[in-house]
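One structure is given here, and the rest of the page talks about it.
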Amino acid sequence: MGEEGAYALFCATVDAASSVAGINDSWLLERIKTPERVHQVSIPLVRDDGSRELLTGYRVQHSSARGPYKGGIRYHPNVTLDEVMALAGWMSIKTAVVNIPMGGGKGGITVDPHYLSLRELEALTRSYTERIWRVIGPLADIPAPDVNTDARIMDWLADEYGSRSGLADPAVVTGKTVEHGGSLGRDKATARGGFDVLEAALRAEGEDLRGKRVAIQGFGNAGANAALLLREAGAIIVSASDSTAALVKSDGLPVAELAAYKDRQAHFCDLTDFDRKRADSPLYEDVDILIPAALEGQITASNAAQVRARWIVELANGPTTPDADAVLAQRGVHLLPDILATAGGVVVSYFEWVQDLHSERWLLEEVEARLAVIMRRAFDAVTELARQKDISLRLAAYAVALQRIADAIREGEKAPRRSISTVIL
Ligand code: NAD
């Protein structure tokens with residue numbers, strides 16, 4: 001996504017959904033789209049060889065209409081303010097569509113962390129936290145992991161926040177290690193949330209997962225965990241890819257074995273026991289269900305006609321372009337949009353925050369059961385609006401979220417917001 005591209009796309013989708021949401025007030029619409037606060041920071045870093053760098057980081061606080069800002073922190077060379085603004089906006093929509101009492105935010109540093117040593121990575125995280133600690137906090141803005149950031153980095157952020165603020169509260173960040181206040185089930189939450197939505201969608205059509213043939217593009221956290229859940233439910237994973245190759249097996253890939261293989265940072269292209277194809281080939285397999293779980297912009301107007309799956313579950317953020325949406329809709333493909341299908345991660349992040357604030361520890365079964373209830377409710381609200389208005393699930397998901405954000409802004413103008421520690425489970 002080029003400079004100014006991502007945020008413009010976010011605004012265009014919000015504009016398109018606003019009339020469905022009944023938002024005719026252009027001032028209100030501008031408020032919904034525009035970030036409340038944008039922080040840009042310079043981050044000094046001393047490398048192991050003694051050389052010094054000054055990196056750029058961001059924290060965009062998009063909407064607090066429904067609760068504290070919530071969203072990940074990304075370390076990537078392509079991070080731009082435009083991208084972080086769009087990602088923050090999408091978080092406001094995502095938290096609203098699943099109706100958790102949080103807003104949207106996002107952070108990022110323009111850096112390739114693969115070139116950093118462990119010490120440099122920790123120093124970078126602590127330096128970034130030093131720049132933003134005054135604007136985050138357990139009741140204000142709660143970061144989480146995103147691309148190239150993990151539980152260990154979140155532990156450092158919480159620790160640095162505690163030393164700077166004098167408030168050693170694990171609820172300042174989610175996605176931590178379980179030993180430092182992380183929630184059970186957070187690692188598989190995105191895949192499980194998508195799985196819950198898919199099960200509900202199939203049931204609504206009188207179908208189930210048994211015997212369904214599945215292709216997965218991207219066998220990382222989201223894709224591999226989805227493969228494991230689908231296999232357990234009786235589906236057959238016939239194709240799966242990483243960035244180096246796709247593996248194909250018509251009677252089903254051994255997904256647990258492949259997940260363990262990927263945990264060792266190995267590449268599919270080296271697995272000579274399997275039929276191998278190009279990394280993008282899962283998109284075109286003759287399957288019932290396609291799961292894009294790698295990158296944005298994979299299904300476009302130029303290749304959408306070659307997608308043969310009847311169902312698409314978007315576990316990556318933004319894998320389908322708006323032009324491709326139209327092609328797929330024309331062909332009657334059931335598409336479960338990213339804004340809903342990937343929301344399991346932020347829901348379990350919210351659970352982690354609640355557990356930390358209340359000094360509780362929930363069992364894994366409890367986390368999974370509560371997640372299923374929230375995903376199911378969101379799916380029902382979105383499908384009901386899509387049916388009523390005869391629109392796509394993507395547009396309906398945005399409209400449901402926009403209605404909730406608009407209501408919260410209007411309510412906030414009438415009276416101060418209720419305590420944000422109110423739990424709505
Ligand atoms: P990850 O880094 O764990 O895995 C990504 C996988 O995609 C890897 O196996 C990689 O080899 C593969 N890949 C990369 N480029 C590819 C290509 N061109 N063709 C085929 N495979 C390719 O990342 P992840 O956390 O699983 O995230 C994947 C997507 O899911 C991203 O779009 C991310 O934004 C989205 N997502 C993830 C979460 C989460 O909690 N992990 C939450 C919301 C959205």
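Just so you know, these numbers come straight off a predicted model, no measurement behind them. No hydrogens, no waters, no symmetry mates; every other heavy atom, side chains included, goes into these values. Both ligands and their constituent atoms are indexed starting at 1 by order of listing.
Classification of K277 and D275 as a salt-bridged pair fails, no side-chain N sitting under 4.0 Å from a carboxylate O. Under 4.0 Å is where a charged nitrogen must lie from a carboxylate oxygen, and between R213 and D288 no such pair does.
No more than 12 heavy-atom neighbours from other residues, nucleotides or ligands sit within 6.0 angstrom of NZ on K188.
A donor and an acceptor atom, one from each side chain of Y75 and T125, are located under 3.5 Å apart. One side chain, D242 or T244, offers a donor N or O that lies under 3.5 Å from an acceptor on the other.
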Which pairs of nitrogen or oxygen atoms, taken one from ligand 1 and one from the protein, are under 3.5 angstrom apart?
unit_1: ligand 1; atom_1: 3 (O); unit_2: N221; atom_2: N; d: 2.9
unit_1: ligand 1; atom_1: 9 (O); unit_2: F219; atom_2: N; d: 3.3
unit_1: ligand 1; atom_1: 9 (O); unit_2: G220; atom_2: N; d: 3.4
unit_1: ligand 1; atom_1: 11 (O); unit_2: S243; atom_2: N; d: 3.0
unit_1: ligand 1; atom_1: 21 (N); unit_2: D242; atom_2: O; d: 3.2
unit_1: ligand 1; atom_1: 26 (O); unit_2: N221; atom_2: N; d: 3.1
unit_1: ligand 1; atom_1: 26 (O); unit_2: A222; atom_2: N; d: 2.9
unit_1: ligand 1; atom_1: 30 (O); unit_2: L315; atom_2: O; d: 3.1
unit_1: ligand 1; atom_1: 32 (O); unit_2: A294; atom_2: O; d: 3.4
unit_1: ligand 1; atom_1: 32 (O); unit_2: N317; atom_2: N; d: 3.1
unit_1: ligand 1; atom_1: 34 (O); unit_2: N317; atom_2: ND2; d: 3.0
unit_1: ligand 1; atom_1: 40 (O); unit_2: T190; atom_2: OG1; d: 2.6
unit_1: ligand 1; atom_1: 41 (N); unit_2: N221; atom_2: OD1; d: 3.3

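A ring-ring contact (aromatic ring centres under 6.0 Å, His included) with H62 is found for one member of W90, Y69, F10 and no other, namely F10.
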